[in-house]
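Both ligands and their constituent atoms are indexed starting at 1 by order of listing.
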Amino acid sequence: MPVMATKPKVSSKPWQHRLSSDPAPATAALLASLDVDAALYPYDIAGSMAHAKMLRRIGVLKAAELKAILKGLASVGDALAAGKLPLDVSLEDIHMVVESALIARIGQAGRKLHTGRSRNDQVALDLRLWARDQVDQLVKLVRSLQLALVILADKQGRFVMPAYTHLQRAQPIMAGQAVLAYVEMLQRDAERLADCRKRVNLCPLGSGAVAGTSIPLDRRFVARELGFADITRNSIDATSDRDFLTELCFCLATLGGHLSRWAEDWIIYATTEFGFLELDDAFCTSSSMMPQKKNADTLELIRGKSAAAIAALTGMLTLTKGLPLAYNRDLQDDKRFCLPAVAAMRSALTVAAGVVSTARFRPRRIAATLEAGFLDATSLAEYLVSKGVPFRRAHQLVAGLVARAEKQGKSLSQLPLAQLQAAAAQIGPDVAGWLTPANVVKRYQPEGAAGPRQLDQQLKFWRKTLA
Ligand code: ARG
């Protein structure tokens, strides 16, 4: 019997014929990113269309081949949108799913699409297109939340409430100013996202796996097709750079931190103890056991969502540290951090705008306790300064008066003039205009302070800026 050489076993994957086996299921699962990068398909398809048009321009594709590829890619996109394309994990990622579906549809021409391209520059492109889109959507959501806060400050914010430092009563402020403080934070968040976009908006395609290609690709054409401001300069960096994502995560983490501060404030405001704010029922939940409960669960979840963003930032920093040049497969897991973090922040921003636009301040409840906590003590010290008393001495004198008033269960404005004068002879009847929270806010002088004049100025600024 002749000894027949047995046919060597070869990997079934079209891009790894040099391997002799397919991975076992657990290995295939480790290698795959399809569960998360399937969401990138619109960007993958847009990138492939631009690449194909460029291949036609430089003569790699015939007109008929380009036509078939564009039509095929559109149909693959439709199938993915309709959830009608099976996501075969053995294909590892969305790039190979799209390519194999394209080849299944149009045959030979589909096999030319990957000319001069690697999944390394392809995924870098997809991520940049995705990040750019997300930044634009996030900025819009931040703007909507800012607008809701400005409307709240304008419509409901013209009353006096206590400001806190260390969560202890500090000085009286216009309620609108406390609302606008968050508009300021969100403004910086939007600006940071817009700045991050500059480093996102560069086209890496043409970098290949690491070193480029001998095929004379027209990178600038692809960049223009996809609306990029420019192309990346260095193929080695462009295929392994993910700091545009780390930066996006930093923007999200900072934004998440701000949202969590706002949520915490409002959770406190909505308690029975504070009673500063009534949340709309549509944004509250009750209890399966305690029938009376109205919980601010949406605010708690918004506060909690910041964890996803902070985790993504530390995840990206950890994932990328110490990686040798250039692309390493570790990078595939970038999506596992970034995509959920963006989704969390989008959800938080969307619901936050709803919470803000339906909330009701309770100015009468707030006014009822406004005399507590000596909010006018600093003003009284400044009154003494206006009478020539050095501030440090004035501070001391008022501290003594506060201690005395506290023992009597009175506010400073309730102390008889004679008692005030016994502490400081400089005090005259005009002191009344410097006491009580309502008088104090009117006396705030500097630009940016928390008085009614400054509130009007700031509202004017925001209405113009957000228009
Ligand atoms: N799915 C991969 C990623 O997201 C694509 C690049 C894979 N490249 C490679 N040479 N194995 O990073």
Between ligand 1 and the protein, which N/O pairs are shorter than 3.5 Å?
| residue | atom | partner | partner atom | Å |
| --- | --- | --- | --- | --- |
| ligand 1 | 1 (N) | Asp93 | OD2 | 2.8 |
| ligand 1 | 1 (N) | Gln332 | OE1 | 2.7 |
| ligand 1 | 4 (O) | Lys335 | NZ | 2.6 |
| ligand 1 | 8 (N) | Asn120 | OD1 | 2.8 |
| ligand 1 | 10 (N) | Asn120 | OD1 | 3.2 |
| ligand 1 | 11 (N) | Arg329 | NH1 | 3.3 |
| ligand 1 | 12 (O) | Tyr327 | OH | 2.3 |

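Applying the side chain to side chain donor-acceptor pair (under 3.5 Å) test to Asn295 and every residue at least two apart in sequence or in another chain returns Lys293. Listed by chain and number, the residues in a side chain to side chain contact (heavy atoms under 4.5 Å, CB included) with Asn120 are Ser118, Ala209, Thr239, Tyr327 (sequence neighbours excluded). Every residue two or more places apart in sequence or in another chain that forms a side chain to side chain contact (heavy atoms under 4.5 Å, CB included) with Ala308 is listed here: Ala344.
Salt bridge annotation for Arg128-Asp241: present, with a cationic side-chain nitrogen under 4.0 angstrom from a carboxylate oxygen. A salt bridge does not link Lys84 with Asp78: every distance from a Lys NZ or Arg NE/NH1/NH2 to an Asp or Glu carboxylate oxygen is 4.0 Å or more. Under 4.0 Å is where a charged nitrogen must lie from a carboxylate oxygen, and between Asp243 and Arg199 no such pair does.
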